[in-house]
Amino acid sequence: MFPHEEKLIREKLGREPNDLEKAMLEVMWSEHVSYKSSRKWLKLLPTKNEHVILGPGEDAGIIKFDDKTWIVIGIESHNHPSAVEPYGGAATGVGGIVRDILCMGARPIALLDPIRFGPLEKEKNRYLFEYVVKGIADYGNRIGVPTVGGETEFDESLDNYTLVNVACIGIMRPEHLVHSYVTEPGLKLVIVGNRTGRDGIHGVTFASEELGENAEEEDRSAVQIPDPFTEKLLIEATLEAVYTGKVKALKDLGGGGLTCAASEMVGKRGFGAIIYADKVPLREPGMTPLEVMISESQERMLFAIKPEDVEELGKIFEKYELEWSVVGEVIEEPKFIVYWKGRKVAELPIELLTNVPTIEWPMKEYRIEEDVETPQISLEEAFEKVWRSPNVISKRWVWEQYDHEVQGRTVIKPGFDSAVLKINEEYGLAITADGNPTHCYLNPYHGAMGVVVEVVRNLVSVGAKPLALVDNLNFASPERPEVYWSFVETIKGLADAAKAFGLAYVSGNVSFYNEVVNKPVKPTPVVAGVGKVKLEKIPRGPREGDLIGLIGE
Amino acid sequence: MVKFAVVVFPGTNCDFETVEAIKRAGGKAERVWYKDSIKDYDGVVIPGGFSYADYLRAGAIAARQRIMEEIRELAEEGRPILGICNGFQILTEAGLLPGALRPNKIPRFLCKWVHLKVVDVRTPFTYLYEEGEVVRMPIAHAEGNYYIDDPSKVRIVFQYSDEKGSITEEANPNGSVLNIAGVANMEGNILGMMPHPERASHYFLGSEDGLKVFKGMVEWVRS
Amino acid sequence: MRWRVRVLVRLKEGLNDPEGRVIGNALRNLGYRVEELRVPKCFEFILESDNPEKDVEEMCRRLLANPLIHTWEYTIEEW
Amino acid sequence: MRWRVRVLVRLKEGLNDPEGRVIGNALRNLGYRVEELRVPKCFEFILESDNPEKDVEEMCRRLLANPLIHTWEYTIEEW
Ligand SMILES: Nc1ncnc2c1ncn2[C@@H]1O[C@H](COP(=O)(O)OP(=O)(O)O)[C@@H](O)[C@H]1O
């Protein structure tokens, strides 16, 4: 938190917050949770059209595939955690976005993993690459969600660092929609899944700062150990619970832990909550209410349930051998109150947690595009250079480690422009993800447009009609004027390109402070897109004798 | 109507598509949670996935659950029992099939399409194939390297081969003894296989070669 | 009685250990002169038992190891 | 000089250990009174080195463990 924000909080509260309150405010006011530097600009993105059922604002976006089928999509980054613990960081990144899809009431059916690293010549970068891929594989494979596409890119500017983005697609019936907010008081708040430990404490504040030189030793508490076994049980238990129609609201516990999940769930429509923090099942002895309230232990979900239905849903959780506990209730009064062993230990107005003022940083334009001379090398040499580049060669080594066939939907497998999933006997869903930091660095506006255009081209090339987009904006510190300018330019580019195609963004993610030892990453917007394709119409590879043509400039 | 149980352990993840494939093959199938009973079913399929997340050894913990005793009884009555991928691992760990499935020769998860030669067509699962027929199915596993001290203890049903049916080292994706991809007990009614026939049961998924495994099983029970 | 137990489960001689091979290669690539690297499975736990030897031996046979491919050894100390 | 080395890499106290939990449950289901089961990673190998302590310590830091989440210990014997 910045000093002016602390001052504002003191004024609004009329007193000094206690330690627990301060910790909760800190996570809620972090860049990662509050989007305070980006929220204003994200409004420029188009978010509505005839396909959109639910745009940005909840855990994932929803689009209509047909009258009986909705598609849910979201995207998330796990850059900082992956840079310090590539295996666990990447794996828990998968877990987080999968739960985001799940909490709309959808079954997760596919993952895409756009991932970026420094040059492979260096041992550290190879280590990051190998373990990020292994983390995604071990988690995605174990929960039975196929990773059907992605991107793998290597770039100088990412030396010692990594950008790990994961998009997830879900499928649902309209009648199973569950919102992430409550619309009535009196509901019980039930936590389900893993026990809460000390892991991930201050994770969001960690994600809202640059990495220092000795990140490893310092940031220990910010990593989590992935538990795909519990996640898989959570998926099945949650869906079974949702199908009863008795889940009134649902959120996963991600960044900001219980504080964030509970306050956002009740605060959105002006309600409040009482949390009995000592009722949260704990993994370690001696934990304090502060640790319980902001822990980011993975594989946990928060349900809002009518008191009379708690027992029935509890039986479902128990069938799947998951621990659950009633940890609080929704109240009329817009307050967030925490009890610990019968004693009130925190009380804040809910909007102080959920209504964080935006920040606008200074901007400075940069222009680095210039004419360059085409290098004078032979065609053979040029060909050789291009085909040897790690950015061009086949990524088979990556996607063969992913179970891209599980669930029995994968019609077009990895290795093509888009993957296609069979949705019913007639139609499929095409999905792809693209980014281009080199272009975006040279010209953020044009680069961002280029990314959208590439997504659209990739969808069209398997015969699909584009339906919707999601974006993940990976940037360095917004406090750098050039970075902030490039961020705003990027959004304008993303917006203009999408409008040109009549497309909307239904969900997204912003990740700032991607730098190591003061080296900012290039502006890296990543866009994922989905389209609808008639399975019979998918072009099935060229045959001998076919003619080759080139269209366009 | 012929009804199969598709057993679901914590971490099983190919249950839905396996039920689908059995239905496409003309049978009836239901997912059965591992704590429930399977006594009333005509046969059992243990589908793929990661029961207990593959912790310890793939299949080891599932193999020690109570339902395996019921499966053993059904097997002794001669009903067809099919284990696919993790199901195969569970069957060997439970001692219902001899041998063990060890980590792949390259110790990584590997998901790819392979060719298989059908070498034993006298089982309830394979009698619809021609002897020596070469079929295509995907594999997806990290521990599929079949080991057995004495191969004469099992009936070898599927072997990894090239597209012409030659059993070569290059065609062996995981290092298994004799390129073994699937084996049956001596009676032939228990089959374990690493490749996923349910993922090759629909034209749009790339092949229908796997459907005959389920068709065979369904028809065999029916007659 | 409570005991502190450590079990090591190794692949039988002659069975190759692909994971050990890969890690051994990785260490050699980093410049270390490492040979015959193996990755036994290790379990550490507290056991309450009147006959810990018998129990641990049985646990290995029944679950922790696969007698077809593994050998095992353990240490049991009073806790 | 040649050395026989065993390295044990453990998750730091307090970190979630799903594998240990699942295996511990499985043993309890079989009737054993087992607690706090953990599954450290174990590496056994022969090392040629003039300064084995330094080398092994370095190998742990660089590859075998992640200092962020692991602790390690090793035994080094002449071979
Ligand atoms: N990390 C990854 N995970 C899954 N699939 C990947 C990954 N990286 C690349 N792929 C797949 O490899 C193929 C080529 O990817 P890419 O090099 O981005 O292609 P293009 O440059 O044609 O967009 C695509 O099918 C893509 O989905």
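First the proteins, then the strands, lettered A, B, ... as listed; each starts at 1. Atom set for the values below is all heavy atoms of this structure, side chains included, hydrogens, waters and symmetry mates excluded.
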Closest non-hydrogen atom pair between B/F204 and A/K422, with its separation: CB-CD, 4.4 Å
CZ (B/R72) with more than 12 external heavy atoms under 6.0 Å: yes
Steps toward salt bridge (charged side-chain N to carboxylate O under 4.0 Å, His left out) verdict (A/E405, B/K112): CA-CA 9 Å; A/E405 303 265 0; B/K112 67 183 273 196; over 6 Å; no
B/F9 versus chain A, the contacting section by heavy-atom distance below 4.5 Å: neither
Pairwise side-chain contact, B/N13 with A/K232, heavy-atom cut-off 4.5 Å (strictly under): yes
Per-residue contact mode, A/K319 against chain B (heavy atom under 4.5 angstrom): both
Heavy-atom contact with chain B under 4.5 Å, split by part of A/I143: backbone
Interchain contact, A/L535 with chain B, by part (heavy-atom threshold 4.5 Å): both
Within-4.5 Å side-chain heavy-atom neighbours: A/V406 and B/H196: no
Pairwise side-chain contact, B/R199 with A/T410, heavy-atom cut-off 4.5 Å (strictly under): no
Contacting moiety of A/R409, where chain B heavy atoms sit under 4.5 Å: backbone
Residues A/D138, B/R108; criterion salt bridge (charged side-chain N to carboxylate O under 4.0 Å, His left out); working and verdict: CA-CA 10 Å; A/D138 278 358; B/R108 276 201 297 268; over 6 Å; no
Within 6.0 angstrom of A/K532 NZ, more than 12 heavy atoms from elsewhere: yes
Chain A contact via B/T12 - which portion, at a heavy-atom distance below 4.5 Å: backbone
CD1-CD distance between B/I106 and A/E400, expressed to the nearest 0.5 angstrom: 9.5 Å
B/E169, CD atom: more than 12 neighbouring heavy atoms under 6.0 Å: no
Atom pair CZ/OH of A/F229 and B/Y55 - distance to nearest 0.5 Å: 8.0 Å
Donor-acceptor contact present, side-chain B/E17 to main-chain A/Q407, <3.5 Å: yes
Pick from A/E231, A/K134, A/E321, A/E536 with the largest number of heavy-atom pairs that fall under 4.5 Å of chain B: A/E321
Engaged part of B/Y203 at the chain A interface, taking heavy atoms whose separation is under 4.5 Å: neither
Atom pair SG/CG of B/C14 and A/D403 - distance to nearest 0.5 Å: 6.5 Å
From CZ (A/R142) to CG (B/D54), nearest 0.5 Å: 5.5 Å
